[in-house]
Amino acid sequence: MVRVFFEKATKYFGRVRAVEDLTLEVKSGELMVLLGPSGCGKTTTLRLVAGLERLTRGKIYIDDEVVDDASSTFVPPRYRGVSMVFQSYALFPHLSVFDNIAFPLVIAKVPKNVIRKRVYELAEMLGIKELLNRKPRQLSGGQQQRVALARALISEPKILLLDEPLANLDAKLRVSARIMIKKIQRQFKCTTIYVTHDQSEAMAISDRIAVMKDGKIQQVGSPEELYHKPINTFVADFIGNPSMNLIECTFDSANGILDFGAFKFKLPRVYVEALKDYKEVIFGIRPEHIIVSKEPREGNEYIEFRVYAMEKYGYRNIVILEKEGIQITVVTHPTFDIDVGSKVWIGFDPKRIRIYDKKTGKLLV
Amino acid sequence: MNTRRLIRSLSEPSIEVIGYVVLFFMIAYIYAPMIWLFLTAFSPKGGPFLEIPKSFTLENFAIVFGLKKIRAGAAALSLYMHRWIVNSLIIAITTMVVTVVTASMAGYALSRLRFRGKSIFMVGLLVLGMMPTIAKLLPLYKLCIMFGFINNLVGAGIVVASGIIPVQIWIMKGFFDHIPRELEEQAWIFGCSKLEALFRVVLPCAGPGLSVVAFLSFLAGWGNFIIPLILIRTEPLYPISLGIAASFIHHPGEIGLAVPYGPLCALSLIYVIPSMTLYFIARKYLMQIKLAKMEV
Amino acid sequence: MITKIKRLRIVRTNSTKLKYKLEEIIIIFFLFPALALFITFQVIPTLWAIYFSFTDIALYGKKLFEYKFIGLNNYEKLFSDEIFWKSFSVTFEYCTFSLLLRFTLGFIAALYITSRLFKGKAIIAGLLIIPYTLPGAVIPYMWISMLDSRYGTLNKVLMLLGLPPQSWLYERAMQSVVMVNCWSGYVLAMLILASAIKSIPDEYYEVCEIYGASRLFKFTKITLPLIKWPLVLSLILIFKEDIDDFTYVFILTEGGPNYRTELLSLYAYHKAFAFYELGAGCAVGLIIMIIVFLLTLAQIKISRIM
């Protein structure tokens with residue numbers, strides 16, 4: 001169980017800034033997910049931990065020892081005690097499944113009988129015991145993934161690195177596979193860094209998530225933290241499906257009113273204080289936290305909208321409402337049925353409102 | 001309108017007929033010369049021209065392998081036939097070993113290294129390699145004197161290898177390009193040194209590529225005529241190509257009559273058959289790999 | 001529970017760091033053996049050839065070591081030698097006819113193995129490739145047996161058909177040489193064109209069939225335009241190969257009768273090994289080299305377009 005620590009880690013590929021000033025701690029034994037859109041630097045970060053890339057600036061610590069300090073110190077991958085599963089699984093095509101899994105131990109010159117035992121144990125654990133004699137090209141995607149995992153785990157690595165391991169699987173398999181990964185990680189207790197662009201995957205599997213964009217970390221925290229308190233508009237928009245409604249508006253500090261143009265909304269008094277210096281802000285609320293009513297409601301807290309579109313999923317409905325150019329997405333119970341074009345009245349759960357500064361995108365309230 | 005349809009309906013099947021006729025002539029063109037070779041090899045009294053033999057025998061092959069002495073009065077060159085086979089083998093194997101080792105090393109380096117001007121380098125290599133042999137040959141002779149390659153079969157093999165290297169490097173590089181870098185990275189993570197990763201992972205995967213290069217280079221050495229012509233000067237050391245040329249003494253229009261045609265044709269068959277089979281095997285490998293590439 | 005293995009210990013000493021650095025660099029050295037071989041036996045002789053063509057070096061005797069620079073002397077002698085010009089025109093004649101025949105046969109063969117009409121294409125393809133797989137030294141002898149004036153198989157067949165026999169190796173020396181060259185030479189064109197034709201998607205032809213196009217239409221309007229570049233490429237490659245053809249002519253006619261088949265490569269060989277004028281031979285070699293080089297440039301340009 002070891003700790004990974006990035007200290008101002010920076011990696012440039014020529015002029016491309018893949019990773020910029022990254023400072024992050026991955027706690028011992030936790031499953032940290034690096035989440036972000038393509039090209040945000042998450043895979044590069046993973047490869048830096050593995051030792052497949054060298055830092056341009058900064059330091060990386062594994063087990064509190066410097067493995068890369070961008071100058072004289074660099075520990076090559078094979079001495080770092082890490083194991084990695086690539087998105088393509090990278091199974092050795094010329095070796096059988098057994099030999100693939102045994103590979104790390106063969107290199108380490110572990111005695112043959114011990115290798116045998118461990119391979120069988122791991123194959124049993126991952127449910128691939130019948131496949132041991134086959135070659136990788138005879139396996140399905142899900143089977144290949146489990147072989148890759150077995151191979152990564154067999155040497156009891158201190159750190160496990162996973163690069164989008166579920167990307168090549170079909171949807172149903174993804175769910176069972178990620179449950180398996182989580183279970184195994186708990187069992188082996190290895191510090192794990194997991195890269196993905198799928199936010200639901202990240203939320204389901206992680207202990208903590210680091211959201212990245214353009215090589216910089218936007219926010220680090222547990223799934224709940226990221227869900228309830230996204231620190232800027234990028235994270236707010238990225239996390240959650242459907243994503244948070246973010247609407248631009250103007251704040252009138254004298255009256256504590258948000259002016260959306262199409263309508264006005266009076267903010268609860270608690271927030272007015274914090275916002276007093278700001279004028280141009282972004283109003284955020286998650287679709288799940290909006291109250292919808294077919295009956296007209298009076299009062300300032302309720303705003304009239306028209307139904308623009310509706311999607312029914314069986315277990316929930318997603319309704320898109322519109323008012324003079326402003327669109328709001330709402331999630332409702334499946335029994336909520338209404339015709340497109342009719343009027344509804346919505347209200348916002350005051351505790352779930354988030355306000356962001358329009359210029360910087362940062363969370364104010 | 002009617003005539004056009006008439007012509008069209010005529011041309012459809014008749015093209016097929018014309019096609020088969022042309023094909024027949026082509027096949028005749030191709031296989032007619034080979035008939036003589038084949039028949040004379042198995043006939044006890046083969047001449048320089050096509051005769052239907054009255055009996056079939058394997059005697060000629062025995063003579064080729066030195067198991068049977070030839071009748072007196074025939075060219076004494078035939079004494080060396082079995083040695084010629086060995087010589088050709090030496091040249092071919094030398095070419096094969098040298099080419100496979102050097103071309104795979106260079107192909108790997110070119111596949112994995114990143115440097116500016118790499119494409120210019122590769123194209124330049126190919127262009128330089130396409131220069132006509134005759135232009136290089138004459139100074140090559142002088143060079144080989146310096147290296148002691150005259151009358152040296154291994155030396156001849158090395159020279160042949162040097163000529164085919166650009167193309168073989170291209171082939172090997174192509175193969176290595178198809179082996180994903182991730183496989184090597186995976187091996188490094190699991191504890192291999194870079195060299196270990198090469199031998200345990202990359203080379204086994206490059207097996208088909210190595211086979212193709214091995215076959216092609218063996219054939220280049222086996223079938224080469226011009227390099228031994230320049231370098232090998234004594235009869236016992238001739239490879240089969242030179243041996244056959246030396247035995248079929250002739251002036252255009254006259255065929256030497258003191259030449260043992262039977263054994264020579266037998267020798268030619270022995271020369272030709274490995275060539276054909278190896279080419280076909282190499283092609284099959286190439287096809288398999290091309291197909292596999294497209295699936296992956 | 002899981003069997004315990006000895007903790008994989010991490011060893012980090014200075015020596016391993018050094019070894020690691022060495023490993024990184026060693027890959028560059030992988031290029032050296034191949035390059036050394038190539039440069040020594042291919043590049044250097046080529047450069048020497050260029051140099052020698054300006055000297056009076058000879059193959060034997062004093063002049064092998066004490067040669068001196070004589071400038072364009074060799075070239076002047078060449079250009080005033082009528083045999084050189086004969087050889088030049090012979091080579092041109094040879095290359096042109098060879099090109100025509102090799103290309104035509106290759107094209108026809110390619111049409112066979114890609115057509116949808118004929119059956120047994122794989123077998124035919126195999127049969128048609130065989131001439132390419134035979135070693136060059138054997139082929140001329142098969143043909144000598146065919147082409148001899150009195151007893152050759154070809155003349156026997158001709159006489160059977162009631163046609164007059166020819167003196168192939170004397171009177172029709174050029175034609176014989178071309179015939180022999182094409183016997184295995186058409187395969188190159190066949191392979192290039194066949195793969196080009198195969199890469200044309202079937203859908204184009206199917207559209208034609210829907211609209212009732214004739215076979216001629218399909219050929220001229222679809223096949224030909226789409227294989228334009230591979231076609232040109234094959235022409236260049238064939239021509240390039242033929243310019244330095246040596247083996248077949250050497251064995252069949254040795255430049256034969258009265259230099260009527262004295263290709264440039266043969267001329268160079270004779271100059272160097274028969275007359276011992278190494279310098280002159282190299283001069284001819286250089287001329288061939290320039291022509292081949294220009295053709296190679298064209299070839300590369302076209303490969304880029306494809």
Side-chain angles (χ1 to χ4, degrees), chain B residues 8 15-16 19 22-23 26-27 29-30 32-34 36-37 48-50 102-103 105-106 108-109 112-113 123 127-136 138-140 143 158-159 161-163 165-166 169 193-195 222-223 225-226 241 244-245 248 250 252-253 255 268 271-272 275-276 279, chain C residues 23 27-28 30-31 33-34 37-38 41-46 48-49 52 108-109 112 117-118 127 130-131 133-138 141-146 148-149 151-153 169-170 183 214-215 243-244 246-247 251 253 256-257 265 268-269 272 278 281-282 285-286 288-289 292 296 300:
Chain B
R8 212 180 275 182
I15 278 197
E16 210 175 323
V22 174
L23 189 64
M26 276 192 77
I27 301 280
Y29 172 50
I30 293 171
M34 298 208 247
W36 167 73
L37 200 70
F49 307 113
L50 189 60
T102 53
M105 282 169 71
Y108 177 74
R112 298 307 192 222
L113 279 176
V123 172
V127 170
L128 278 179
M130 286 187 190
M131 290 292 110
T133 327
I134 203 70
K136 295 175 259 185
L138 313 174
L140 196 63
L143 195 67
I158 294 180
V159 174
S162 71
I165 275 212
I169 294 183
S193 64
K194 299 235 162 127
L195 275 165
W222 179 257
F225 175 74
I226 201 166
S241 46
I244 294 184
F248 276 110
H250 76 101
I255 307 282
S268 302
Y271 192 36
V272 157
S275 220
M276 269 182 358
Y279 256 121
Chain C
E23 277 176 5
I27 195 175
I28 298 186
F30 275 20
L31 277 174
L37 201 65
F38 183 66
F41 293 105
Q42 300 289 323
V43 179
I44 291 186
T46 313
W48 270 11
F52 284 164
I108 296 178
Y112 275 120
L117 205 59
F118 294 96
L127 285 179
I130 283 199
T133 69
L134 302 188
V138 167
Y141 295 109
M142 298 193 297
W143 276 97
I144 290 178
S145 146
M146 289 274 289
D148 181 76
S149 321
Y151 303 111
T153 319
L169 291 171
Y170 264 134
W183 185 82
S214 72
R215 195 173 295 155
I243 290 205
D244 49 301
F246 179 82
T247 312
I251 297 181
T253 64
S265 49
Y269 175 79
L278 199 49
C282 290
L286 180 56
I288 303 180
M289 224 185 342
V292 170
T296 312
I300 293 180

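Numbers restart at 1 for each chain; the letters A, B, ... are given by sequence-line order, proteins then strands. Fair warning: this is a prediction, and the values are worked out from it, not measured in the lab.
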- In terms of heavy-atom proximity below 4.5 Å to chain C, should Phe225(B) be classed as side chain, backbone, both, or neither? side chain

- Item | Structural part of Ile226(B) lying under 4.5 Å from a heavy atom of chain C | side chain

- Item | Separation between CD1 of Ile44(C) and OG of Ser162(B), rounded to the nearest 0.5 Å | 11.0 Å

- Query: Side chain, backbone, both or neither: which part of Ile243(C) has a non-hydrogen atom closer than 4.5 Å to chain B?
  - Reply: neither

- Message: For the interface with chain B, which of Phe38(C), Trp183(C), Trp48(C) has the highest count of heavy-atom pairs at distances below 4.5 Å?
- Response: Trp183(C)

- Note on the structure: Shortest non-hydrogen pair, Leu37(C) vs Ala161(B), comes out as CD2-CB, 4.3 Å

- Task: Let me know if Ser265(C) has heavy atoms under 4.5 Å from chain B in its side chain, its backbone, both or neither.
- Result: both

- Query: Who passes ring-ring contact (aromatic ring centres under 6.0 Å, His included) against Tyr269(C), sequence neighbours left out?
  - Reply: Phe246(C), Phe250(C), Phe273(C)

- Query: Under 3.5 Å, is there a donor-acceptor pair between the side chain of Tyr108(B) and the main chain of Ile27(C)?
  - Reply: no

- Could you check which of Arg112(B), Met26(B), Met105(B) has the highest count of heavy-atom pairs closer than 4.5 Å to chain C? Met105(B)

- Message: In the structure I gave you, are the side-chain heavy atoms of Ile165(B) and Gln42(C) within less than 4.5 Å of one another anywhere?
- Response: no

- Just wondering, do Pro166(B) and Leu128(B) contact through their side chains at under 4.5 Å, heavy atoms? no

- Query: Who among Gly285(C), Pro45(C), Ala137(C) has the most heavy-atom pairs with chain B under 4.5 Å?
  - Reply: Pro45(C)

- Any idea which of Ala106(B), Gly223(B), Ala32(B) has the most non-hydrogen atom pairs under 4.5 angstrom with chain C? Ala106(B)

- Heavy-atom side-chain contact between Ser275(B) and Leu134(C) under 4.5 Å: no

- For Met276(B), is it the side chain, the backbone, both or neither that has a heavy atom under 4.5 Å from a heavy atom of chain C? both

- With a 4.5 angstrom heavy-atom cut-off, could you sort out which part of Ala49(C) is near chain B: side chain, backbone, both or neither? both

- For the residue pair Tyr141(C) and Leu37(B), establish whether any side-chain heavy-atom pair is separated by less than 4.5 Å. no

- Query: Where does Leu127(C) contact chain B at under 4.5 Å (heavy atoms): side chain, backbone, both or neither?
  - Reply: both

